[in-house]
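Each residue takes its place number in the sequence, starting with 1. Only a predicted model underlies this, so the values are computations on that prediction, with no experimental measurement involved.
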Amino acid sequence: MAFLTPVTLASAGATSAASVTARACAFRPAAAAAVASAGRRARMAARPAATVAMASVEELKKLTGYKSVDDHVTSGMVVGLGTGSTAYYAVERLGQKLASGELTDIVAIPTSIRTKEQAESLSIPLVTLDTHPVLDVAIDGADEVDGALNLVKGRGGALLREKMVEVSAKKFVVIVDDTKLVPGLGISGAMPVEVTPFCVDFTVERLLKLDSIAGCTAKVRDDGGKPYVTDNDNYIVDLYFTEPIADAVKAGEEINSLVGVVEHGLFLGMTSEVIVAGADGVKVIKP
């Protein structure tokens, strides 16, 4: 496990991560609007390096996103682009380095329509798994990371495309702030399952009968009074647990065995490295 202190990051030029661009507003909580204001940016730029330790959650996301590209992307690569408020900054950094000429001959595969639109706005060349079935690296956030670097992903609704892209990468780099580290999977919020809309209640009933997830509750994700629809025109069933999933491997196998289930949000044995930002700086965790 390698550590970078806030002071070390700042002296290495990482203080550029302290500013926040307005372009990310589609992914950020409302509180981030204040962080993105010009006055806030000016105050942040004037702070001494040591005060980066007091960084906001949004600034921590930017630190990890930028570091993931700086450390793992080189010219000529095929890169998987994740989805969400942390992955946003990795896409932003990739666009910056392509625009400056620091990186060349990059092609990327986005994991959602949102990420595709962001990448296109930054002139990042895009391809698909049909033409590039093996990626050099994929970079994405996570909703939960346990001690074995297994993940829960998909609370942003992009879990199917994320898993298709990230399982195809030679290296999968996960970027999170330290609030996403958990002692067991399934305890901080929903564990999403993407399902077909056809007879969704029937699928939910069968999910709740699985031994490996016994005791959980299930809810079809709502979007303004109607079911949330993924980029693949499917629904999301959110599973909620009162204690960690006892056997995540078995749970994943049983969930995916049900006809009507498309994919689950357990990303097991896939992670190559986790970049974690917290009040004390950035640390890198490897299996």
Side-chain angles (χ1 to χ4, degrees), residues 26-27 78-88 90-91 108-119 126-135 137-145 150-169 172-176 180 185-186 189-200 202-204 206-207 210 212-213 216 218-223 226-240 245 248-249 251-271:
F27 297 126
V78 181
V79 182
L81 304 178
T83 295
S85 59
T86 306
Y88 172 90
V91 180
I109 302 178
T111 55
S112 67
I113 293 173
R114 286 173 289 168
T115 299
K116 177 178 180 288
E117 291 172 346
Q118 182 195 3
L126 299 180
V127 295
T128 71
L129 289 172
D130 293 332
T131 58
H132 294 73
V134 179
L135 292 77
V137 63
I139 300 170
D140 203 355
D143 300 305
E144 294 182 346
V145 182
N150 293 314
L151 316 173
V152 166
K153 288 176 52 56
R155 292 177 189 168
L159 67 97
L160 175 59
R161 297 191 188 190
E162 288 173 339
K163 189 173 285 188
M164 288 179 68
V165 170
E166 289 152 11
V167 78
S168 302
F172 177 31
V173 178
V174 178
I175 48 178
V176 296
K180 303 301 175 64
L185 298 179
M191 198 286 281
V193 179
E194 188 160 344
V195 302
T196 61
F198 179 71
C199 296
V200 64
F202 172 69
T203 302
V204 169
R206 290 187 300 149
L207 279 169
L210 296 176
S212 60
I213 56 173
C216 75
K219 180 180 180 182
V220 177
R221 187 175 298 183
D222 181 78
D223 182 18
K226 57 184 179 181
Y228 173 89
V229 178
T230 71
D231 288 348
N232 316 295
D233 295 322
N234 293 316
Y235 291 172
I236 296 285
V237 176
D238 288 319
L239 303 181
Y240 294 92
I245 299 170
V249 172
E253 291 172 348
E254 287 193 350
I255 291 169
N256 272 0
S257 72
L258 296 180
V259 177
V261 168
V262 179
E263 189 55 77
H264 58 74
L266 295 168
F267 285 51
L268 309 175
M270 293 173 54
T271 306

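- Closest of all the heavy-atom pairs between S168 and P133 is CB-O, 3.5 Å.
- The side-chain heavy atoms of V262 and T196, taken from C-beta on, include a pair separated by under 4.5 Å.
- The two atoms that bring G141 and A87 nearest to each other are N-CB, 4.3 Å, heavy atoms only.
- Put simply, the side chain of V193 reaches to within 4.5 Å of the side chain of V261, judged on heavy atoms.
- Note on K153 versus E263: no salt bridge recorded, every NZ/NE/NH1/NH2 to OD/OE distance being 4.0 Å or above.
- Between T115 and the choices V165, L126, T83, the side chain to side chain contact (heavy atoms under 4.5 Å, CB included) rule is met once, by T83.
- Residues passing the salt bridge (Lys or Arg N to Asp or Glu O under 4.0 Å) test with K116, sequence neighbours excluded: E120.
- To the nearest 0.5 Å, atom CD1 of residue I139 and atom OG1 of residue T86 are 12.5 Å apart.
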**Test side-chain contact (heavy atoms from CB on, under 4.5 Å) applied to I255 and L207, step by step** = CA-CA 7 Å; I255 291 169; L207 279 169; 3.9 Å; yes
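- With hydrogens and angles disregarded, a donor-acceptor distance shorter than 3.5 Å links the side chain of E144 to the backbone of G186.
- Not a single donor-acceptor pair under 3.5 Å links the side chain of N234 to the backbone N or O of E194.
- Counting all heavy atoms, side chain and backbone alike, A218 lies closest to L239 at CB-CD2, 3.6 Å.
- A salt bridge links R221 to D238: one of the charged nitrogens lies within less than 4.0 Å of a carboxylate oxygen.
- Contact of the L151 side chain with the F172 side chain is registered, since non-hydrogen atoms from C-beta on lie closer than 4.5 Å.
- For the pairing with L266, the side chain to side chain contact (heavy atoms under 4.5 Å, CB included) check across N256, I245, L159, N150 returns one residue only, I245.
- Here the closest heavy-atom approach between residue A119 and residue L81 is recorded as CB-CD1, 4.0 Å.
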**Message:** Applying side-chain contact (heavy atoms from CB on, under 4.5 Å) to L258 and L210, what does each step give before you reach the verdict?
**Reply:** CA-CA 10 Å; L258 296 180; L210 296 176; 4.0 Å; yes
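- To the nearest 0.5 Å, the span separating OG1 on T111 from CG on D140 amounts to 5.0 Å.
- Minimum heavy-atom separation, D223 to Y228: CB-CA, 3.7 Å.
- Between atom CG of residue L185 and atom CZ of residue F267 there is a gap of 12.0 Å, rounded to the nearest 0.5 Å.
- Looking only at side-chain heavy atoms (C-beta outward), P227 and V200 stay at 4.5 Å or farther from each other.
- Here the side chains of V237 and P192 are not in contact, with every heavy-atom distance at 4.5 Å or above.
- R161 places a side-chain N or O within 3.5 Å of a backbone atom of D231 that can act as its donor or acceptor partner.
- Contact detail for L268 and A248: the closest heavy-atom pair is CD1-O, 3.5 Å.
- K180 places no side-chain N or O within 3.5 Å of a backbone atom of I175 that could act as its donor or acceptor partner.
- Between V127 and I109 the shortest side-chain heavy-atom distance falls below 4.5 Å.
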